[in-house]
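Some notes on the structure that comes next.
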Amino acid sequence: MISLPLAIGWVRGDIASGSLLAVWIKLAVVLGCTSAIPLLLMSMQARRWRLRVHEVENFVSALPATVPELSPGGPAELQQLSHTLRAMSLRVRQGVERASRESSRREAILSCIAEGVLAVDSDLKIIFCNDAFATAFSARTPVSEGRTLYEVVREPTLRDILQRVLRTRSAEMDRLQLPTAGKKWFEARALPLNSEAKQAAVLVLHDITDLHNQEQLRKDFVADVSHELRTPLSAIRGYAETLLEGALEDKDNNRRFVEIILSHSVRLANIASDLLVLSELDADASFPASPERLSVPELVQSAIYSVENAAAQRKVKLNSERCQECYVLGLRFRLEQALVNLLDNAVKFNRPEGKVCVECAPEPSGRVRIVVSDNGIGIPSGDVKRIFERFYRVDKARSRPTGGTGLGLPIVKEVIERMGGTVTVESALGQGSKFIILLSPA
Ligand code: ADP
């Protein structure tokens with residue numbers, strides 16, 4: 001617009017002089033100049049936009065790893081867009097940081113828990129495997145993501161569980177014994193991972209060796225109890241039936257049969273009371289809340305009173321002269337019961353004119369030592385390590401007539417261990433046995 005009056009002013013002289021060529025040339029120059037300036041301006045503006053857009057592009061592609069600075073200025077529209085992008089990028093970055101914090105926390109927890117944890121995808125490729133799981137299978141740790149399950153676990157039961165879970169999309173559970181992990185028993189629980197876009201499953205391996213062994217012990221114990229009860233019960237029933245079927249009138253045998261019934265019922269009563277003691281000991285698993293200060297020689301003396309008659313009948317001599325004053329903490333009736341059981345055995349498994357000796361004294365180490373020794377039949381070396389097991393008897397036939405239950409020594413062991421002490425045995429077949437108790441002093 002400004003160029004038009006300028007151009008007219010410039011060519012006016014040439015029009016007047018009739019120089020048309022000069023007019024055309026000047027008009028062409030004016031036109032050229034007026035159109036070049038906006039083009040130049042536009043190209044400068046376009047360059048600014050291009051640079052800014054390129055900057056925004058770099059900004060977006062660097063997300064979410066870093067949030068680079070966006071330089072201020074530039075076209076207003078792009079400034080607004082940069083502002084919005086920057087606010088959004090900060091939110092994205094916070095979200096990513098939160099998610100990665102959460103994931104490393106979860107990974108740290110899973111890595112240090114005792115249970116083995118394994119996650120696999122639908123091709124049974126490992127997504128996650130903690131050290132506990134790898135150790136159970138003697139695999140090298142850490143187990144890297146992407147390895148196939150087969151490379152780490154050769155156990156078909158686990159593969160089957162995981163395949164079933166991936167197929168049925170429902171939880172599965174199984175028990176298995178791993179030869180690779182010292183024959184330990186495990187409970188494997190597997191669940192589908194629903195949140196994953198691709199199908200996946202997670203498996204948790206729980207070490208139940210202790211539980212399994214306890215269950216086994218309980219089963220064995222019930223079987224042993226039934227077996228122990230069956231013998232006296234069938235003897236009582238058999239002799240009672242014989243008496244009813246006419247032996248009552250048999251003057252030569254009827255008394256003997258009743259005596260046999262009596263001895264078996266005594267045995268049944270002994271088993272019942274020993275089982276009760278053991279179950280009481282099992283129930284109060286801890287040391288008594290208020291233990292008494294017990295004088296050991298006093299307890300030895302009262303235990304000796306309990307076996308005096310049996311010893312006199314078998315002509316076994318009891319000696320407690322080498323008992324020095326010493327004290328321990330515990331329950332009076334329990335420790336006395338343990339001493340009676342040891343003395344009873346020392347008398348029972350002895351010979352006529354045999355000797356039983358009880359000694360007690362504080363040791364140089366400060367502990368209290370109680371020794372019950374006899375010069376009786378002794379215990380074969382192969383049986384020594386088993387005699388504290390429930391119902392274990394070296395010679396069942398010999399133990400039964402004496403009313404033995406095979407629970408006397410297990411009771412001794414339980415009582416002494418509950419008091420924080422130990423009981424051991426030294427024995428030589430045909431020469432005698434020595435039971436040594438060590439307890440903390442009071
Ligand atoms: P029992 O009721 O048979 O005496 P225990 O548990 O007290 O049961 O003892 C287990 C077994 O250990 C006995 O049957 C016996 O064979 C052996 N035993 C225990 N004490 C002695 C001992 N002093 N001398 C020889 N054998 C013993």
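First listed ligand is number 1; within each ligand, the first listed atom is number 1.
No more than 12 heavy atoms of other residues, nucleotides or ligands sit less than 6.0 Å from atom OH of Y239. Within 6.0 Å of atom CZ in R237, 12 or fewer heavy atoms from other residues, nucleotides or ligands are found, so the atom counts as exposed in its surroundings.
Side chains of T157 and D174: no donor on one and acceptor on the other come within 3.5 Å.
In terms of N/O distances under 3.5 Å, ligand 1 is approached by T405. The distance criterion of under 3.5 Å between nitrogen or oxygen atoms is met by G406 with respect to ligand 1. Remark: ligand 1 and F435 share no N or O pair separated by less than 3.5 Å (distance only, no angle test).
Of all the heavy atoms of I379, the ones lying under 4.0 Å from any atom of ligand 1 belong exclusively to the side chain. Contacts of Y392 with ligand 1, taken as heavy-atom pairs under 4.0 Å, involve the backbone alone. Proximity of N350 to ligand 1, defined as any heavy-atom pair under 4.0 Å, is not found for any part of the residue.
Taking the side chain as every heavy atom from C-beta outward, L275 and F221 approach each other to under 4.5 Å.
Close approach to L409 involves these atoms of ligand 1, each under 4.0 Å from a residue heavy atom: 5 (P), 6 (O), 7 (O), 9 (O), 12 (O), 19 (C). Applying the 4.0 Å criterion to heavy atoms of K348 picks out, from ligand 1, the atoms 1 (P), 2 (O), 4 (O). Residue contact check: S433 has heavy atoms under 4.0 Å from atoms 22 (C), 24 (N), 25 (C) of ligand 1.
Using a 4.0 Å cut-off between a side-chain N of Lys or Arg and a carboxylate O of Asp or Glu, D282 and R218 do not qualify as a salt bridge. Under a 4.0 Å N-O distance rule, the pair R267/E228 qualifies as a salt bridge.
Heavy atoms of N341 stay at 4.0 angstrom or farther from ligand 1. Contact analysis puts G378 in contact with ligand 1, with a non-hydrogen atom separation below 4.0 angstrom. Between P410 and ligand 1 there is a heavy-atom distance shorter than 4.0 Å.
For atom 12 (O) of ligand 1, the choice among N345, I387, I411 with the nearest heavy atom turns out to be I387.
Under the 30°/60° scheme for interplanar angles, the aromatic rings of F388 and F435 are found to stand perpendicular.
Although no hydrogens or angles enter the test, the distance criterion places no donor-acceptor pair under 3.5 Å between the side chain of N270 and the main chain of T405. Panel note: side chain R351, backbone N375; a donor-acceptor pair is recorded below 3.5 Å.
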